[in-house]
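Here the structure comes first, spelled out in structure tokens, and everything after it is commentary.
These numbers were taken from a predicted model, which means no experiment stands behind them.
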Amino acid sequence: MNKKSLLLSSLLICGLDAAHAQFFGMNVNRDSIQKVTNADYADMIAKLGIAEPRPGRDPNNPDANRLPNYDELMANPFVHYPEALVTFDGRKVKNAKMWNKVRRPELVKYFEDEVYGHIPDNVPAVNWKVVSEEKVDMNGIACVNRVLSGVVDNSMCPSITVEIQASILYPEGAKDVPVIVEYGYMAGRPSPFAMSFGRQNGPQTESWQMMVVKRGWAAATIVTGSIQADGGQGLRSGIIGLCNKGEYRKPQDWGALRAWAWGTSKLIDYMESDATFDATKVAIEGVSRNGKASLVAMAFDQRIAAGFIASSGKGGAAGWRRWCGESVENLTSSGEYHWMAGSFLKYGAEPLTANDLKIDQHELIALCAPRPCLISAGRFDADKWQDVMGMFMMAAKASPVYELLGAKGLGTDVLPRQDEGLMDGQLAYRQHNGGHEAGPNWPYFLDFFQKNVVDK
């Protein structure tokens with residue numbers, strides 16, 4: 001088997017979804033995958049007792065009724081959003097104690113019940129082992145690259161194995177260093193230079209790992225697909241399938257976003273056991289679906305010191321009640337439902353809509369407070385599916401919670417111009433001049449992390 005075939009096979013084994021597999025040049029049997037997905041999807045719909053979910057938005061559909069909306073005059077069909085600082089029974093949250101004792105717990109429970117699902121009580125232990133450790137020259141900086149495997153105890157269902165793949169790059173001789181964790185598709189030797197897809201010429205740019213080790217910190221990658229496959233066909237395997245002993249999910253069971261976030265928490269457990277890393281100074285970063293998972297991870301695990309939430313869209317920083325780009329119905333479709341708890345599907349089917357949710361995504365951002373969090377977006381033309389304005393709106397609506405807890409929010413509800421971010425507070429927003437990516441905002445996030453976490 002040649003190197004390319006070996007790499008692609010490894011990616012598929014790690015749970016790479018069909019779309020990404022095709023991006024890497026793999027031939028996948030989409031019919032087989034869809035057949036398994038459809039059976040799982042039908043099982044959840046039957047359990048919920050709902051009609052067929054409404055179709056999501058599709059920019060390539062000839063039916064004008066299926067096209068996404070990008071007109072701001074039509075993007076806010078629901079005027080009222082839930083108040084982050086008002087409890088479900090109508091009480092005003094007046095201080096940090098009431099937030100931490102009453103409001104935060106009820107929001108966590110609702111997000112678990114209705115949106116992202118619960119981590120089961122029987123989730124098994126993870127035993128981390130070092131697969132390899134080698135010295136790496138990062139453009140003149142002597143580093144060590146440690147590849148890890150987190151072996152999940154599968155005694156409850158030996159036919160399902162889960163090994164979390166991760167790697168951590170750090171300067172040689174480092175002790176008690178901060179760590180930036182990124183969700184990725186493979187763990188291995190990093191490069192000083194950024195990967196370039198579709199760009200054959202032009203200057204090489206520094207990789208995010210290079211930027212991190214230049215500051216004397218550690219750069220970690222955790223492979224989402226090694227935790228849970230990115231597709232409905234994988235819900236009876238991975239950590240979700242292991243906990244269910246290969247059976248179908250129950251409506252309030254966790255989806256892939258929560259599972260990937262759980263894997264991050266297990267990696268932090270490992271860092272707490274190793275003096276090389278400062279587990280109190282761990283940041284999480286991800287783009288697109290990984291941006292969604294990054295926000296979920298930070299919201300639920302308060303050990304995460306900071307977040308870089310890039311182009312996360314619906315299910316991430318963009319509001320459910322916004323009609324712009326991706327819709328609730330996209331996330332309740334057979335292509336994306338696996339990210340969510342099964343119970344979320346009912347909001348994409350009659351008679352319910354996004355407006356029937358008691359929460360919106362500003363309250364997920366608020367669960368991160370008062371820890372530093374940067375909401376990142378790309379250009380309007382290149383990142384419009386993710387609803388750039390919607391992500392900003394949710395950050396603005398989360399700001400009062402940051403302020404209640406003694407931190408600084410955005411300080412405005414007026415969208416700043418591209419490349420003029422709101423970076424002074426602990427909740428920050430910046431729209432860069434790139435596309436659906438984090439790249440141009442990496443230096444700004446690292447400065448933000450330095451100021452708000454490392455130098456504190």
Side-chain angles (χ1 to χ4, degrees), residues 165-170 177-187 190-191 194-195 205-215 217-225 227 230 257 260-268 271 277-313 315-318 364-365 368 371-378 383 386 391 395 421 423 426-432 434-454:
Q165 297 179 15
S167 61
I168 310 179
L169 175 78
Y170 55 92
V177 295
V179 186
I180 311 294
V181 180
E182 180 183 66
Y183 289 122
Y185 297 108
M186 66 188 83
S191 167
M195 293 182 70
T205 57
E206 283 187 331
S207 66
W208 72 271
Q209 294 97 332
M210 185 72 230
M211 296 181 204
V212 168
V213 297
K214 280 174 65 175
R215 293 175 183 249
W217 309 338
T221 298
I222 186 166
V223 180
T224 53
I227 305 163
D230 190 3
L257 296 180
W260 298 341
W262 167 84
T264 309
S265 296
K266 297 300 103 179
L267 184 59
I268 294 174
M271 294 174 191
F277 314 110
D278 184 349
T280 68
K281 295 178 179 178
V282 175
I284 183 67
E285 180 272 344
V287 181
S288 195
R289 66 196 67 194
N290 293 337
K292 305 178 201 296
S294 298
L295 184 55
V296 171
M298 189 179 179
F300 284 103
D301 190 337
Q302 293 181 279
R303 295 176 301 171
I304 296 175
F308 180 12
I309 316 303
S311 298
S312 59
L364 189 71
I365 298 172
C368 302
R371 292 163 291 150
C373 183
L374 169 60
I375 305 301
S376 169
D383 216 16
Q386 308 305 318
M391 291 187 283
M423 300 295 296
Q426 285 68 54
L427 180 56
Y429 172 88
R430 190 174 191 278
Q431 181 186 7
H432 59 71
H436 184 58
E437 59 175 320
N441 270 349
W442 264 111
Y444 297 92
F445 173 71
L446 296 178
D447 286 344
F448 176 74
F449 183 67
Q450 177 94 46
K451 179 180 73 173
N452 289 289
V453 177
V454 178

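- The residue from Phe449, Tyr444, Trp442, Phe448 that alone fulfils the ring-ring contact (aromatic ring centres under 6.0 Å, His included) condition with Phe308 is Trp442.
- Judged by distance alone, with hydrogens and angles left aside, the side-chain atoms of Gln431 form a donor-acceptor pair with the main-chain N or O of Gly378 at under 3.5 Å.
- Checking side-chain atoms of Asn441 against main-chain N and O of Arg430 turns up a donor-acceptor pair under 3.5 Å.
- Looking at Arg371 and Gln302, their side chains come closer than 4.5 Å, going by heavy atoms from C-beta outward.
- Residues Lys214 and Glu206 have side chains in contact (heavy-atom distance under 4.5 Å, counting atoms from C-beta outward).
- Side chain of His432 to main chain of Glu437: a donor-acceptor pair is present (N/O by atom type, distance under 3.5 Å, no hydrogens or angles).
- Remark: Ile365 CD1 to Met298 CE distance equals 10.5 Å, nearest 0.5 Å.
- Counting only heavy atoms from C-beta outward, the side chains of Phe277 and Val282 never approach each other to under 4.5 Å.
- Residues passing the salt bridge (charged side-chain N to carboxylate O under 4.0 Å, His left out) test with Arg215 are Asp447, sequence neighbours excluded.
- Residue Ile222 holds its CD1 atom at 9.0 Å from CD1 of Ile268, rounded to the nearest 0.5 Å.
- A 4.5 Å side-chain heavy-atom check between Gln450 and Pro178 finds every atom pair outside the cut-off.
- Paired with Tyr183 under the rule side chain to side chain donor-acceptor pair (under 3.5 Å), one option of Thr264, Thr221, Asn290, Thr224 passes, and it is Thr264.
- In this structure, the side chains of Glu285 and Phe445 stay at 4.5 Å or more apart for every pair of heavy atoms.
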